[in-house]
Number of protein chains: 2
Amino acid sequence: MRLSKRGEYGLRAMIMMAEPAEKKGVHKMMQIKEIAEREEISPKFLEQIMLALKNAGLLHSKMGVGGGYYLARAAGEITLGQIFRVLDGPVAPVKCVSQMAYEPCGCPDEQTCGLRLVMGDVRNAIADILDHTSLKDVIKRQGAVRRRLGLSKK
Amino acid sequence: MRLSKRGEYGLRAMIMMAEPAEKKGVHKMMQIKEIAEREEISPKFLEQIMLALKNAGLLHSKMGVGGGYYLARAAGEITLGQIFRVLDGPVAPVKCVSQMAYEPCGCPDEQTCGLRLVMGDVRNAIADILDHTSLKDVIKRQGAVRRRLGLSKK
DNA sequence: CCTAAAGCATACTAATATTATAGGATTTAT
DNA sequence: ATAAATCCTATAATATTAGTATGCTTTAGG
C-alpha cells in the first residue's frame, strides 16, 4: 500500500504551489528549479511529474524565460485524489474494485468474494479521504498545526 | 496503493481455511495442493506464502503424509491486518506515518507536513478496516451476500 | 535577431521489487 | 521403505520504479 516517489513528489509540489496560489492568486507561477531545490529532489525527475500533471489538466504553464507552472484551478478545486490518480494510477488495492480501471481479478465468484468486499471498503475509505481533501484543505490544516504549535509563520 | 499477488493469495487462502475452521473446528487441516487448485495459483508460490504465515504464527502445520495447515487461532481471532502485514508489510502509504516501521520521509518539517497529515488519515482508515475485520467477519459477510442473492450454499 | 531560460517530449538505464520456479531436506503415516 | 506432505533457500524471469540524458520548442530581453 505504498505511495510512489513520483506520487509523493507530485503531491508535495502541488501542495507547495497551493500556498502562494491562495495568497497571491492562482496565476502565481513557480519554477521547477525552485520547487526541486526546496524539496531536495531531482529537477529532471520533477520535470516529468509536472509535465504529467500539466497534461492531465491540473497545472498550466508558461514557456520561455520567466515561465513556470501555476495551478489550473483554485486550490479548493483540486483534490489530492485527482493528483494521486494522475501519478500513481487507481486508488483501489485490487483491480476488481477499481472505479477508474476495473478488471476481473480471477476469483471464482466475484459477487460473493469476501476479499473483494473488504477491499472495496478499503478503496472507498481511501478515495473518501483523497477525493474530499483539496489542496486548500491541506494548506489550512498545515496552518492550524503551526498555530497550535506556536510556530505561526511570520 | 496495490495489494500484491502474494498478499492476495495469502488472504484468499486464509479466508478459504476459515470456513471449515468455523464449521468443523480450528484443527481442520487443508493442504497446499487443495488450496492452490481451488484458487488456480502456483502451488510452489503458495507454499512460500503459507510458510511465511506459519512462521508468523498465524498458521500451524503438520508435516508428513496426511499433513497440512490449520489456523493457529479461531477465525474470529485472526484479522486481515495481521495477514496483510506478514505478506505485504506495513499498511502505511509513507513510512513517516507507519506504526510498525516508522522512518522519517525527508520533508523539511515532519510535524507540519500537510501530506504527512493526510497520509496519516489514510493509514488509519486502512488499518481501521483491516485490523477490525477478522476471518470470521469475512465468512459471515460472504454468507450474507449469498443469502441475499438466493445462492445460499446447500 | 540572438541568446539564455524556461518548459516539452521521449528514450534510455540502473536499481529494486515482484512473481514465481527449482531442488533438495525433513518429517511422518502406512 | 516409501510416498506424501511440509520446510527452506537459491535462483530466474519479469515488471516497476526512480532517475538520467538528450534534444526540441517557446519566449523575454538585450
Side-chain angles (χ1 to χ4, degrees), chain A residues 1-13 17 27-37 39-72 84 86-90 93-95 101 105-106, chain B residues 1-13 17 29-37 39-72 84 86-90 93-95 101 105-106:
Chain A
M1 296 292 197
R2 223 173 90 261
L3 177 66
S4 71
K5 284 297 175 188
R6 184 175 152 91
E8 182 187 328
Y9 296 162
L11 285 161
R12 280 194 201 290
M17 296 184 71
H27 295 288
K28 171 69 184 173
M29 261 188 299
M30 288 190 74
Q31 297 176 351
I32 285 176
K33 196 182 154 196
E34 180 184 355
I35 300 172
E37 265 169 23
E39 297 284 0
E40 296 179 43
I41 60 187
S42 152
K44 268 311 205 181
F45 190 25
L46 182 60
E47 194 179 333
Q48 288 178 15
I49 294 166
M50 299 297 270
L51 201 50
L53 292 168
K54 190 227 154 183
N55 288 331
L58 298 181
L59 288 177
H60 286 164
S61 66
K62 184 161 177 294
M63 289 178 84
V65 176
Y69 291 93
Y70 54 97
L71 299 187
F84 181 95
V86 168
L87 300 174
D88 272 24
V94 288
K95 283 174 286 183
C105 48
Chain B
M1 297 293 198
R2 223 171 91 262
L3 177 68
S4 71
K5 285 296 175 188
R6 183 174 153 92
E8 182 187 327
Y9 296 161
L11 284 162
R12 280 192 201 293
M17 296 185 71
M29 260 187 299
M30 288 190 74
Q31 298 175 351
I32 284 174
K33 196 182 154 195
E34 180 185 354
I35 300 172
E37 265 168 22
E39 297 283 1
E40 296 179 42
I41 61 187
S42 151
K44 269 308 208 180
F45 190 24
L46 182 60
E47 194 179 331
Q48 290 179 15
I49 295 166
M50 299 296 271
L51 200 51
L53 291 169
K54 189 225 155 186
N55 288 331
L58 299 180
L59 289 177
H60 286 163
S61 66
K62 185 162 175 292
M63 287 178 85
V65 176
Y69 290 93
Y70 54 96
L71 300 187
F84 181 96
V86 168
L87 300 174
D88 271 23
V94 288
K95 284 173 286 183
C105 50

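Naming: A, B, ... by sequence-line order, numbering from 1 per chain. Note that these values count all heavy atoms, side chains included, but never hydrogens, waters or copies made by symmetry.
Taking every side-chain heavy atom of B:V65 into account, D:dA4 is the closest of D:dA18, D:dA4, D:dC7. Ranking D:dA28, D:dG19, D:dC7 by closeness to the A:Y9 side chain, first place goes to D:dG19. Closest to the side chain of B:R6, out of C:dT19, C:dA9, D:dT6, is C:dT19.
In this structure, A:R2 places its CZ atom where only 12 or fewer heavy-atom neighbours from other residues, nucleotides or ligands lie under 6.0 Å away.
When side chains are defined from C-beta on, A:H60 counts as touching A:Y70, because their heavy atoms get closer than 4.5 Å. Using a 4.5 Å heavy-atom threshold, the side chains of A:L3 and A:F84 count as touching. Side-chain contact check for A:K5 versus A:I41: every heavy-atom pair is 4.5 Å or farther apart.
Within the nucleic acid shown, A:K33 has no heavy atom closer than 4.0 Å to any nucleic acid atom.
Interatomic distance, A:L46 CG to A:K33 NZ, rounded to the nearest 0.5 Å: 13.5 Å.
A close approach under 4.0 Å does not occur between any side-chain nitrogen or oxygen of A:S61 and OP1 or OP2 of C:dA6. For A:K62, no side-chain nitrogen or oxygen approaches OP1 or OP2 of C:dG7 to under 4.0 Å.
Heavy-atom distances to DNA chain C give each of A:N55 and A:G66 a nearest nucleotide, and the one nearer the 5′ end belongs to A:G66.
Of all the residues in residues 42-50 of chain B, B:K44, B:E47, B:Q48 reach under 4.0 Å from DNA chain D with at least one non-hydrogen atom.
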